[in-house]
Engineer: 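I'd like to ask some things about the structure below.
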Amino acid sequence: MEDLRERVEKCLGPKGLVVAMTECRGDLSVEVPKARLLDVMHLLKDTPDLEFDFLSDVFGVDNLAFYEKQKPKKKPEGEETEVKKEKGPPPPRFEVIYLLLSLKRTERLQVKVRVAEDDMEVDSVTSIWKAATWPEREAFDMFGLRFKGHPNLKRLLMWDEFPAYPLRKDYPLEGRGEERHLVYGE
Amino acid sequence: MEGWVIAIIKVVFIWVWVLLIATVMTWVERRGAAMMQDRLGPNRAGPFGLFQPLADGIKLFTKEEVLPKKAHKVLWNLGPLLFALPAFSAYAVVPFGDKIILGGKEIILQVSDVNIGFLYVLAIGSLAVYGIVLGGWGSNNKFSILGGLRSTAQLISYEVPLGLALLAVVFVYGSFSLRDIALAQQGTFLGFLPNWGVFKQPLGFILYMVAIYAEANRVPFDLPEAESEIVAGYHTEYGSMELGLYLFGEYVNLVTLSTLVVVLYFGAWHIPYIDISKFLGPVSWGIVSFLILYLKVAFFLWLFVWVRWTIPRFRYDQVMGLGWKALIPLALFNLFITALFIQLSA
Amino acid sequence: MNQDPVSQVDQERLGELVTINIGPSHPAMHGTLRVITVTDGETIVKAEPEIGYLHRGVEKLGENLTYHQFIPITDRLNYCSAIPNNVSYEMAVEKLMGIEVPEKAQLIRVIMMELARIADHEVCVGILGVDLGAFTPFFYLIIQREEIYEIFEWYNGARLTNTFGRIGGVDADLPDDFEERWRELKPNLRKANEETEKLLTHNRIWMDRTIGVSAFSPEDALNWGFTGPCLRACGVKRDLRKDEPYCMYDQFDFNIPVGEHGDVFDRYKVRMIEMEESIKIIDQAYKLYKEMPADAPLKARVPKVIKPPAGEVYSALESPNGELGFFVRSDGSDKAYRIRIRPPCYMIYQAFNDLVKGGMVADLIACISSLNVVAGELDR
Amino acid sequence: MDWYFWIFAVIAVSAALFTVATREALSSAMGLLTVFIAHAALYLHLHAPLVAIFQVSIYAGAILVLIVFVIMLLMAPEERAGVIQANVSFRSFGTLLGLCLIGLVAVGVKGIAVLIARRSLPAGFGDPSVLGNLLFRRYLLHFEVMSVLLLVALIGAIYLCKNRAWKHKERV
């Protein structure tokens with residue numbers, strides 16, 4: 001049996017569906033283009049070699065602070081300007097991560113989509129796995145990600161009138177974040 | 001005039017007695033439950049927690065009455081009253097012993113021995129539903145109304161097999177008077193069996209037992225107040241002594257129903273094979289017959305407790321199904337068989 | 001979006017339907033659950049679970065506390081059995097750091113987790129009985145759970161929120177008289193289970209109330225993301241302890257009970273058998289534990305300040321409710337960048353409408369108890 | 001002065017007036033319950049305990065309970081019978097029925113003198129066995145015709161309800 005990484009590559013690669021692929025401590029994660037998320041999911045689910053038929057979880061990540069913290073900090077002051085110059089356009093702020101599982105092979109795969117702040121719409125995978133119903137609602141609740149085709153996209157943990165998205169990195173820990181005018185218009 | 005005095009004394013006596021049993025029952029229920037569940041139960045107020053019912057009573061009396069804003073005031077207050085009243089008045093025709101001779105005057109231990117006593121019990125029993133219905137409706141709470149609805153349907157459904165089972169007893173003993181029925185259970189039949197209703201009407205007895213559990217709203221038929229489904233059913237909104245009346249009425253009901261079981265099926269104050277009344281004086285026999293009767297009643301009261309803490313609760317449609325599809329046909333069958341026997345043996 | 005559940009169902013039948021608000025304060029709701037139920041008489045037309053009443057922002061807390069500080073927070077997820085939560089989180093961080101946990105520590109974890117599993121199942125089964133009107137088995141079980149809590153308390157001082165273990169292992173060895181305690185407890189556990197079975201399993205009313213109630217097909221269950229006893233009750237033999245072994249579970253001999261119809265009865269039965277299997281596992285684990293040298297390490301070498309390298313891992317274990325997973329992303333600092341908890345009953349509870357639709361209000365209660373929905377885990 | 005009669009007669013009549021006058025369905029039903037029980041008391045007074053018991057157990061204990069059941073099933077607590085009372089066709093029909101009733105009573109009053117005359121009771125009056133004998137011997141045909149009538153009504157009711165229930169099942 002080939003390595004999972006090769007199989008995923010073989011399945012998605014030729015169709016140009018792989019943006020990046022990383023591995024951390026044996027957890028393979030594949031980043032796919034947002035526009036073709038549903039194609040990817042169908043492929044991953046139905047390809048005989050993969051059969052990722054179980055959706056374990058869906059959640060969002062806010063990368064607002066991530067890349068800044070990753071910057072090497074020990075650089076001398078003079079070089080800092082250079083680093084800034086090298087930086088291209090900032091990476092999309094949000095990620096949605098899908099944790100897939102193949103029951104037959106007991107293999108796990110993380111599928112990622114990057115979502116820019118100005119286009120928060122992602123295709124809902126509820127048509128493939130109903131398991132995504134609440135997690136997607138929660139991602140909407142916590143990050144403001146909008147899932148296209150979700151049957152009932154409304155707030156899950158916070159109340160309906162809550163104005164802010166609390167798991168975003170710019171939501172402060174103390175005080176009432178929503179009162180600090182961190183209101184994200186619908 | 002003398003007759004009136006005796007009647008009033010009897011009424012007061014039996015009320016106090018039934019109230020006493022019901023009070024002790026609340027204690028027995030809690031201690032019994034604790035015993036079955038490996039725990040202690042109330043044990044602080046008095047020896048073995050015996051004063052617990054008293055403390056509960058004081059608590060209920062002194063608590064504030066809360067009338068829900070949208071409740072129907074009159075119906076709300078009428079509910080508990082109408083629930084407790086039938087429970088108390090049913091005892092008017094139920095015998096509580098044989099007879100006692102005082103000063104040359106024979107006094108039967110029964111408030112009134114009317115020849116339709118039996119039907120009176122049924123009629124009064126059928127009125128108890130109004131208390132529940134009014135409580136459920138008057139509270140103006142969805143859970144209460146559901147409880148009221150459940151209870152209405154349940155009581156109507158189970159009154160039919162109850163009545164039919166009792167009718168078979170009437171067939172056997174040929175009288176509507178509870179005292180006549182009790183007296184007829186002396187001695188034996190077929191040479192060895194006590195002349196008790198349970199041996200002459202085994203199927204009827206089972207039907208009656210099932211039906212009274214439903215009539216008394218006890219587990220497994222406690223759907224009108226199933227706490228896990230509809231909070232507390234018809235008495236969700238009640239507090240203070242109005243709740244107390246509901247709870248207490250239930251125990252009084254239990255006593256009445258248990259006494260009826262004993263009088264109709266378990267030989268009332270008779271002990272099989274021995275006629276104790278021959279060995280005792282008229283006064284002491286009166287007392288002993290009273291004690292024997294209530295010893296048997298105690299067993300059935302305990303049975304209520306026992307069942308309650310042993311088995312789960314039915315679902316609403318299962319209760320209805322059992323009532324209409326099992327009990328009523330069986331009761332009709334029982335009635336038919338009984339009638340056939342009587343016709344053949346006559 | 002129309003907020004009124006009645007009008008969402010069927011405009012034609014508006015007059016005949018009643019909306020009943022079950023919870024968040026209702027005697028049958030475990031914790032602060034709320035189900036907005038649309039009923040036709042007593043038949044459920046629609047049941048919409050409403051959650052979030054116990055939302056404490058655990059994931060946000062995880063991003064702002066150091067790795068060790070977060071362990072006590074995980075106690076508050078599934079508060080019926082805190083230990084698997086702790087261990088699951090610790091395993092995720094250990095995986096991220098590439099730490100090998102010493103075997104002895106793993107065995108202690110197994111013993112404690114299985115005890116927690118028994119405690120959790122006992123509460124679940126007991127409450128199921130209470131909700132169906134059978135009050136007595138609850139006490140038989142809860143007494144034994146209390147005994148298990150005594151063991152927890154005597155191990156690290158806490159009964160409910162154990163804060164068990166550390167990243168890299170455990171902080172303390174099992175006390176010497178564990179064997180004695182366990183020998184005392186084991187027959188009692190079995191006896192309580194037996195008595196419960198006697199009272200319930202073949203009871204006609206119990207069977208009527210549970211068999212066929214809220215049955216679910218395995219396909220639906222997988223589609224909805226079921227895991228744990230609820231999935232196994234549907235007939236899918238899936239248990240992370242066997243399928244993706246962790247903590248030396250591959251060295252133990254135990255069975256995975258599987259149901260057939262996925263109804264309340266099967267869930268109850270699966271939990272009952274699992275308790276017995278857990279007892280077996282504890283016995284085996286303790287045997288292995290005793291073979292270890294007394295001075296074997298309990299904790300891997302872990303730096304004082306935990307700063308995992310940048311990266312992200314997902315690690316899951318079989319908690320009493322099912323797959324409890326932690327996704328941890330680190331940016332190299334001493335605090336996690338993102339922690340995502342995958343609570344098992346969250347996935348199960350979202351299928352609630354499908355589970356109870358067409359049943360009666362009483363079935364809804366039976367269903368909610370048999371799923372073992374724990375609000376702390378659900379709302380995080 | 002027959003105070004016993006007058007007490008219950010007054011109760012019965014005023015409860016009956018309350019029944020038709022009140023605007024709340026359940027209060028109205030409770031008024032009816034009072035009427036039934038007052039009647040039962042009057043029957044007892046007339047040495048007809050059996051009729052009194054039947055009055056309570058059948059009318060109060062069964063029929064009225066069903067009425068109450070239907071009220072609870074179909075009406076929200078805030079809803080009042082006023083809706084029905086305001087309906088013109090209901091009103092006119094009710095008036096018509098009331099007039100018919102008054103007419104019947106007027107016809108009946110003619111014979112009241114015969115009834116009012118005090119007579120001794122026949123032997124075994126009010127005894128269940130006498131009643132049974134009458135029902136099952138002398139009036140057997142009437143009795144059976146009556147039971148067939150009830151059976152027909154029962155089957156009809158089941159048929160109507162079933163039809164409705166089936167329709168619902170298709171829709172759910």
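Just so it is clear, the values below take in all heavy atoms, side chains as well, and ignore hydrogens, waters and symmetry mates.
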Engineer: Check whether C:Asn223 reaches the backbone of A:Lys130 with its side chain - one donor and one acceptor, N or O, closer than 3.5 Å.
Structural biologist: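 Such a contact is found between C:Asn223 side chain and A:Lys130 backbone.
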Engineer: So does A:Asp57 get a backbone contact from the side chain of C:Arg342, meaning a donor-acceptor N/O pair under 3.5 Å?
Structural biologist: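 No, the answer is negative, given that no donor and acceptor are paired below the 3.5 Å cut-off.
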Engineer: Below 4.5 Å from any heavy atom of chain A, which atoms of C:Glu244 appear? Answer side chain, backbone, both or neither.
Structural biologist: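 The side chain, not the backbone.
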Engineer: Nearest 0.5 Å please: distance from the CH2 atom of A:Trp134 over to the CD1 atom of C:Ile348.
Structural biologist: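 So the gap between those two atoms works out to 11.0 Å.
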Engineer: For C:Ala316, is it the side chain, the backbone, both, or neither that has a heavy atom closer than 4.5 Å to a heavy atom of chain A?
Structural biologist: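 For C:Ala316, the contact with chain A is made by the side chain alone.
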Engineer: Is the count of non-hydrogen atoms from other residues, nucleotides or ligands lying under 6.0 Å from A:Glu23 atom CD greater than 12?
Structural biologist: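 Atom CD in A:Glu23 is crowded, with more than 12 foreign heavy atoms closer than 6.0 Å.
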Engineer: What part of A:Arg137 gets closer than 4.5 Å to chain C, counting heavy atoms only: side chain, backbone, both or neither?
Structural biologist: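 A:Arg137 has no heavy atom closer than 4.5 Å to chain C.
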Engineer: For C:Tyr79, give me all partners under side-chain contact (heavy atoms from CB on, under 4.5 Å), at least two apart in sequence or on another chain.
Structural biologist: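 side-chain contact (heavy atoms from CB on, under 4.5 Å) check on C:Tyr79 returns C:Leu54, C:Val374, C:Ala375.
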Engineer: Got a second to check how far C:Leu231's CG is from A:Leu103's CG, nearest 0.5 Å?
Structural biologist: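 Those atoms lie 8.0 Å apart.
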Engineer: How about C:Lys242: does its NZ atom have over 12 heavy atoms from other parts shown lying under 6.0 Å from it?
Structural biologist: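 Enclosed.
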Engineer: Say you draw a straight line from CG of A:Asp53 to CG of C:Leu222; how long is it, rounded to the nearest 0.5 Å?
Structural biologist: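 That separation rounds to 7.0 Å.
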Engineer: Between CG of A:Leu157 and CG of C:Asp379, what distance do you get to the nearest 0.5 Å?
Structural biologist: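 The CG atom of C:Asp379 is 6.0 Å from CG of A:Leu157, to the nearest 0.5 Å.
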Engineer: Who wins among A:Gly60, A:Ser56, A:Gly26, A:Cys24 for the most heavy-atom pairs under 4.5 Å with chain C?
Structural biologist: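 Of the candidates given, the most pairs with chain C belong to A:Ser56.
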Engineer: Answer yes when A:Arg168 and C:Glu63 have at least one side-chain N-carboxylate O distance shorter than 4.0 Å, and no when they do not.
Structural biologist: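 No salt bridge links A:Arg168 with C:Glu63.
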Engineer: Does the side chain of A:Ile97 reach to within under 4.5 Å of the side chain of C:Tyr314, using non-hydrogen atoms?
Structural biologist: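 No, side chains not in contact.
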Engineer: With a 4.5 angstrom heavy-atom cut-off, could you sort out which part of A:Ile128 is near chain C: side chain, backbone, both or neither?
Structural biologist: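 Contact with chain C involves the backbone of A:Ile128 alone.
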Engineer: side-chain contact (heavy atoms from CB on, under 4.5 Å) between C:Glu59 and A:Phe59: does it pass, once the steps are laid out?
Structural biologist: CA-CA 11 Å; C:Glu59 289 177 4; A:Phe59 53 91; over 6 Å; no
Engineer: Going through the checks in order, is the side-chain contact (heavy atoms from CB on, under 4.5 Å) test met by C:Tyr337 and A:Val61?
Structural biologist: CA-CA 9 Å; C:Tyr337 184 75; A:Val61 178; 4.1 Å; yes
Engineer: Whether A:Lys154 and C:Glu48 form a salt bridge (side-chain N of Lys/Arg under 4.0 Å from carboxylate O of Asp/Glu) is what I want to check.
Structural biologist: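 Salt bridge between C:Glu48 and A:Lys154, a charged N being under 4.0 Å from a carboxylate O: yes.
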Engineer: Can a salt bridge be assigned to the pair C:Arg329 and A:Glu95 using a cut-off of 4.0 Å between side-chain N and carboxylate O?
Structural biologist: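 Salt bridge between C:Arg329 and A:Glu95, a charged N being under 4.0 Å from a carboxylate O: yes.
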Engineer: Report which part of C:Asp354 has an atom under 4.5 Å of a heavy atom belonging to chain A: side chain, backbone, both, or neither.
Structural biologist: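 For C:Asp354, the side chain is the part near chain A, not the backbone.
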Engineer: Which region of C:Ile341, side chain (C-beta onward) or backbone (N, CA, C, O), has a non-hydrogen atom less than 4.5 Å from a non-hydrogen atom of chain A, or is it both or neither?
Structural biologist: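 For C:Ile341, the contact with chain A is made by the backbone alone.
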Engineer: Based on non-hydrogen pairs under 4.5 Å, which of C:Arg338, C:Arg380, C:His55 is most in contact with chain A?
Structural biologist: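 The option with the most such pairs is C:Arg338.
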Engineer: Which region of C:Phe226, side chain (C-beta onward) or backbone (N, CA, C, O), has a non-hydrogen atom less than 4.5 Å from a non-hydrogen atom of chain A, or is it both or neither?
Structural biologist: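 Answer is backbone: N, CA, C or O of C:Phe226 sit under 4.5 Å from chain A.
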Engineer: Can you tell me which portion of A:Leu167 sits under 4.5 Å from chain C's heavy atoms? Options are side chain, backbone, both or neither.
Structural biologist: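 For A:Leu167, heavy atoms of backbone and side chain both lie under 4.5 Å from chain C.
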Engineer: Pick one of side chain, backbone, both or neither for C:Pro309, based on which atoms fall under 4.5 Å of a heavy atom in chain A.
Structural biologist: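 Contact with chain A involves the side chain of C:Pro309 alone.
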Engineer: Identify which part of C:Glu312 has an atom lying under 4.5 Å from any heavy atom of chain A, answering side chain, backbone, both or neither.
Structural biologist: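 Answer is both: backbone and side chain atoms of C:Glu312 are under 4.5 Å from chain A.
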Engineer: Output, in order, the C-alpha distance, side-chain angles, deciding distance and verdict of side-chain contact (heavy atoms from CB on, under 4.5 Å) for C:Tyr346 and A:Glu138.
Structural biologist: CA-CA 11 Å; C:Tyr346 177 71; A:Glu138 193 187 331; 2.5 Å; yes
Engineer: What part of C:Arg238 gets closer than 4.5 Å to chain A, counting heavy atoms only: side chain, backbone, both or neither?
Structural biologist: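 Looking at C:Arg238, just its side chain touches chain A.
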Engineer: How close do C:Met347 and A:Pro135 get, counting heavy atoms only, and between which atoms?
Structural biologist: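 What the structure gives for the nearest pair is CE-CG, 3.5 Å.
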Engineer: Under a 4.5 Å heavy-atom cut-off, does chain A meet the side chain of C:Leu61, its backbone, both or neither?
Structural biologist: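 For C:Leu61, there is no contact with chain A at all, as no heavy atom is under 4.5 Å.
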